Amino acid sequence: MLLKIEKRAEYSKSMVYLTPIIALVLTVLTSIVLFESLGVNPIEALYQFFIAPLDTQYEFSELFVKATPLILCAIGLSVGFRANVWNIGAEGQLTMGAIVGSSLFIYFPETDSVFLLPAMIIMGALGGAAWAAIPAFFKTRFNANEILTSLMLVYVALLLLSLLIHGPWRDPAGFNFPESQTFSESADMPILISGTRMHFGTLLALFAVFGAWIMMARTLIGFQIKVIGEAPRAGGYAGFSQKKIIWFTLLFAGALSGIAGLSEVSGPIDQVVPSISPGYGFTAIIVAFLGRLHPVGIFFAGLLMALTYLGGETAQINLGLPVAVTGVFQGMVLFFLLACDVLVHYRFRLNIARKATS
Amino acid sequence: MSGFDWIVPVILTVITAATPLVFAGIGELVTEKSGVLNLGVEGMMLVGAVSGFITALVTGNYFLAVCAAAFAGAVMAFLFGVLTLSLMANQVATGLALTLFGVGLSALMGQEFVGEPISALNKLNIAGLSDLPFIGPILFAQDALVYLSFAMVAIVSWFLYKTKAGLVLRAVGDSHDAAHSIGYPVIAIRYLAVMFGGAMSGIGGAYLSLAYTPMWAENMTAGRGWIALALIVFATWKPGLVLVGAYMFGGITILQLHAQAAGLNVPSQVLSMLPYLATIIVLVLISKDESRIRKHAPACIGKIFHPAA
Amino acid sequence: MSGNEGVTPQLELRGITKAYPGCLANDHIDLKIMPGEIHALLGENGAGKSTLVKIIYGVLQADEGDIIWAGAPVSIANPHSARKTGIGMVFQHFSLFEAMTVTENIALGMSGRQNMKALEQNIIEVSNSYGLPLEPNRQVHTLSVGEKQRIEIVRCLLQKPKLLIMDEPTSVLTPQEAEKMFETLRRLSEEGVSILYISHKLDEIKALCHKATILRGGKYISECDPTQETAKSLAEMMIGTNLQAPEHHETSKKGPIRLKVRNLSIDADVEFGINLSAINFDVRGGEILGIAGVAGNGQIELLAALSGETTCRDAETIALDDKAVGQLGPNSRRDLGLAFVPEDRLGHGSVPEMMLTENAFLSGFRRMSLLNGGFINNGGTSDYASDIVQKFDVRTPGIYHTANSLSGGNLQKFIVGREVLQQPNVIIVAHPTWGVDAGAAAFIHQTLIDLAENGAAVLVVSQDLDELFAISDRIAVIAEGRLSVGRELSEITIEEIGLLMGGTHGMGETEGVSDVA
């Protein structure tokens with residue numbers, strides 16, 4: 001081997017910030033090849049993907065509409081990932097949040113109390129947290145791998161949603177479409193800027209970013225999460241409970257994902273439908289990593305991934321590119337990021353040994 | 001006899017439902033035995049499924065289709081290897097990335113082919129034997145991939161426990177540092193194991209798009225890759241038990257389909273939840289005995305190997 | 001014996017050089033080993049011994065220099081080719097596979113294919129003829145450390161090596177087991193096998209070796225005949241300065257009992273752990289109690305029970321200053337004045353990728369009051385970390401660097417300092433100077449002695465008998481999860497301790513030492 005990988009004495013702080021940018025550049029370069037092979041002018045495609053969606057104020061606000069659920073889910077997931085708790089079921093927790101939160105409106109559609117929406121948000125958070133509590137219980141009590149249990153529960157939650165919407169929750173006046181009735185004003189997320197769809201959920205997401213930042217940087221619980229993730233035995237030595245952290249991180253992520261789900265149904269969607277999310281819960285995994293598991297990073301990564309959703313739609317309309325390009329693009333970003341991360345802990349060095357190794 | 005007419009078709013469908021899990025499970029088992037945890041099975045299966053389907057549609061040659069699926073799965077696994085083995089990326093995160101990437105890539109590759117029908121993979125017809133009552137259709141009239149899946153289980157068992165190369169592979173999974181200091185090429189061995197796992201996942205995916213439901217649909221694996229991962233825990237890393245587990249899950253899937261067809265008064269969504277709920281329950285029951293898992297799991301699983309000096 | 005001029009050396013090294021980033025591990029090292037010679041490679045931790053033998057065994061490649069084997073230059077690309085050449089090696093940290101059988105382990109260490117049945121027969125014959133009995137079908141994790149080492153030796157012997165490299169082989173053995181191993185080595189030497197024996201234990205080198213090559217700081221220092229040297233002169237060559245023994249304190253002034261352990265029994269919760277059975281001891285203020293024992297005899301379980309990482313069923317089992325703490329976790333025990341230095345510095349005593357400030361906070365946040373209503377007091381934490389760095393002479397570019405950027409000795413000083421500055425009443429220290437350079441080791445020893453003189457109770461668990469004899473007032477021995485009665489230093493000899501370390505099975509026989517759960 002001519003090139004040798006060498007462990008750095010200490011991880012490189014500049015590389016922590018540089019690698020997401022390198023990964024993005026590599027993704028863009030690769031997607032130029034991809035667009036060429038799809039028979040589309042790459043410059044035009046990149047323009048449609050990244051510039052065109054931000055043309056107007058309305059479109060700019062759409063960026064925040066799409067980024068809101070991504071950021072909420074990713075903040076929750078990132079805290080778990082810091083503690084080596086691999087909850088990948090945010091999509092299911094989001095769905096349960098939407099179900100439990102909107103149940104208040106579904107069963108009390110006439111209510112016009114100002115407390116309806118706050119109650120729905122709280123119920124959404126509880127619904128998501130309850131769904132995440134299942135893997136937490138199985139992990140702490142029975143040592144069952146949370147990756148697999150949380151993922152299986154995504155399918156269960158989606159089927160539960162389908163069951164409700166094809167059955168009891170179907171709008172009687174809805175021509176038999178699998179949809180609930182549209183939400184009343186008191187169950188709707190308030191719009192922040194009139195003429196756009198930007199809603200109160202975005203403020204909740206910003207609050208989550210700020211709160212998680214403080215929590216991870218300055219509080220004991222944040223410190224415990226980091227220690228348990230980096231060195232569980234050192235955590236035991238310091239008297240931190242691993243089980244407590246598993247519970248905390250899963251409930252935290254579940255609650256935020258639940259709020260994300262609720263703010264989708266009572267925000268842009270305005271009713272319960274069979275498909276609430278185009279995979280926000282999974283894309284949030286990418287957002288969390290691309291944001292370096294840091295709340296501020298996640299904020300920007302969330303906007304970027306939201307842009308790829310919008311760009312995917314624009315490119316489909318204007319260039320006839322398949323929507324699936326968005327998924328490939330998102331997958332590639334994460335791939336390149338993980339590949340570049342080697343630079344944080346290692347450096348490359350030319351091997352100039354006198355004797356050739358075998 | 002006539003009262004039991006339903007048995008043969010049920011068993012036949014169980015076999016088709018179990019076969020993709022057998023392939024994906026046995027491949028991932030070899031990967032994990034070498035000490036690598038590849039959570040990208042779902043992604044590799046999807047890319048295998050779409051590659052196999054397109055090849056079959058374009059060439060009409062199913063042998064070529066299966067080869068293409070295996071190759072595509074192995075290429076995906078190779079990417080995973082580059083990241084985790086050469087660039088020492090976290091295996092859990094990379095596995096997730098592989099799945100997310102595979103979902104997108106397969107959707108992109110297959111978008112022009114959604115809904116296009118092809119004929120299902122041929123069942124073999126062994127003169128005389130296939131026509132035997134009961135055992136004929138079950139034992140002697142399956143498609144070639146079903147036989148291959150059984151053969152792979154036998155070959156992998158033999159390889160792991162009866163050959164020196166298999167011993168070395170297990171040794172690498174047990175202690176990569178010891179294997180390295182004795183002089184075994186840890187990284188190279190793991191690359192091979194990971195790519196074998198990818199190829200098998202690819203074939204497992206292709207079984208879905210060529211035989212189980214001969215067509216391509218986005219996300220058609222529907223979590224089977226993840227179920228295959230759970231199977232390995234269930235099987236405590238033993239090839240024979242992977243086979244048993246795959247047939248158990250195949251059975252649950254089919255039971256659920258037949259119950260729906262029989263018009264059982266339970267919403268179809270509840271029945272569809274069964275395989276996922278069963279996976280969770282099985283995982284919980286098996287994992288409960290922590291020491292048993294620890295005893296059988298390869299000691300180095302998921303750990304990054306960097307020769308210190 | 002040595003002095004056979006005119007005979008071709010079995011192995012000769014000329015000018016071997018190996019550089020790592022920031023350090024020259026081997027700097028033009030020469031070495032000559034005659035056939036049948038037992039040759040010691042002597043040096044401190046970090047002197048370059050391990051690098052040199054890894055080069056000989058093909059695990060590493062030298063940057064410069066030549067290897068001459070029986071008169072002809074060779075290149076050893078990897079361990080396979082080393083074995084083919086006739087070189088066998090017994091590693092300090094065994095290269096064994098715990099989940100596999102003895103036979104499988106030996107097959108893995110041999111090149112080419114083996115007939116397992118024939119190999120089993122071969123193992124039985126060779127192991128018996130050299131007095132190294134082994135059961136081929138046992139799983140490695142069920143064996144004692146001594147037995148594991150036998151596997152490594154038999155694995156080498158089966159390939160009929162001309163040169164056998166032994167890396168710190170006695171560090172895991174009782175004195176009696178070590179003596180048995182020496183007999184095997186002497187017999188091999190008589191049969192013409194050369195042995196390269198790596199150690200920093202002077203007595204055993206004097207007793208066993210014909211020649212010694214001394215390394216210091218990666219450089220060749222000298223070659224000598226160890227039988228003609230005193231332990232002191234060897235040590236001075238090895239360390240390069242005059243040795244300073246720690247200043248001993250008065251043993252007369254002993255305070256009240258500060259740590260009391262009664263009838264401590266714990267079932268190991270992990271597969272290969274050791275059960276503790278009915279452990280009793282006291283440590284008084286002003287006293288240092290040393291606990292000796294071969295690794296894997298219950299030390300890990302005992303330390304976890306004392307620190308609170310595992311709790312006891314009965315609160316009365318452990319008492320700190322007469323307060324029953326058996327059911328309390330680590331933090332509550334710290335509040336009562338307990339401090340703890342774990343064996344594993346990186347990953348247990350510290351978080352490798354965290355800064356020194358964060359690692360100071362890790363165990364100090366309660367006793368040093370670094371928390372204000374759930375929020376971390378950053379200023380106080382940095383002051384505390386700076387204090388540790390200053391008072392304990394921790395060499396680091398700054399407190400905002402990570403723990404894993406420190407050398408072993410400096411990190412150990414940091415961790416000891418962190419615990420000592422919390423002014424503990426009782427401190428438990430595991431392997432305080434393992435892998436630490438002589439300067440840091442002396443400093444740490446002195447710190448512990450000073451702490452005891454100021455009234456703290458000090459418990460030291462170590463494998464290093466020299467260390468325990470240098471600093472302890474009393475010594476007890478742990479074997480198979482049982483603890484012997486602590487005896488005053490003046491009343492006990494190394495031989496007696498050795499017998500106790502071997503456990504109830506006595507002389508060197510350690511069959512089934514571990515109570516496998």
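Sequence lines set the chain letters: A, B, ... in the order given, protein chains first and strands last, and positions in each chain run from 1. This is a predicted model, so every value here is computed, not measured.
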> Is the shortest heavy-atom distance from the side chain of C/N378 to the side chain of A/R218 under 4.5 Å?
Replying inline: yes

>> Please classify the contact between C/R366 and chain A as side chain, backbone, both or neither, with a heavy-atom cut-off of under 4.5 Å.
In response: neither

>> Ignoring hydrogens, what is the shortest heavy-atom contact between A/T219 and C/F375? Give both atom names and the distance.
In response: CG2-CE2, 3.8 Å

>> Does any part of the side chain of A/F223, heavy atoms only, come nearer than 4.5 Å to the side chain of C/L362, both counted from C-beta?
In response: yes

> Among A/K226, A/E230, A/E10, which residue meets the side-chain contact (heavy atoms from CB on, under 4.5 Å) test with C/E353?
Replying inline: A/E230

> In terms of heavy-atom proximity below 4.5 Å to chain A, should C/T402 be classed as side chain, backbone, both, or neither?
Replying inline: both

> Which bit of A/I214 comes within less than 4.5 Å of chain C, counting heavy atoms only: side chain, backbone, both or neither?
Replying inline: side chain

>> I need the residue from A/G235, A/G222, A/A231 with the largest number of non-hydrogen atom pairs under 4.5 Å to chain C.
In response: A/A231

>> Is C/S332 in contact with chain A via its backbone, its side chain, both, or neither, using a 4.5 Å heavy-atom distance?
In response: neither

>> Just checking C/I300: does its CD1 atom have more than 12 heavy atoms from other residues, nucleotides or ligands closer to it than 6.0 angstrom?
In response: no

> What part of C/L371 is in contact with chain A, defined as an atom under 4.5 angstrom from a non-hydrogen atom: side chain, backbone, both or neither?
Replying inline: side chain

>> Can you tell me if A/F300 has over 12 outside heavy atoms packed within less than 6.0 Å of its CZ?
In response: no

> Can you name the residues of residues 237-260 of chain A that have some heavy atom under 4.5 Å away from a heavy atom in chain C?
Replying inline: A/Y237, A/A238, A/G239, A/F240

> Taking every heavy-atom pair that is under 4.5 Å apart, which of C/S363, C/G329, C/G347 has the most such pairs with chain A?
Replying inline: C/G347

> For C/I376 and A/L220, which heavy atoms make the closest approach, and how far apart are they?
Replying inline: CG1-N, 4.3 Å

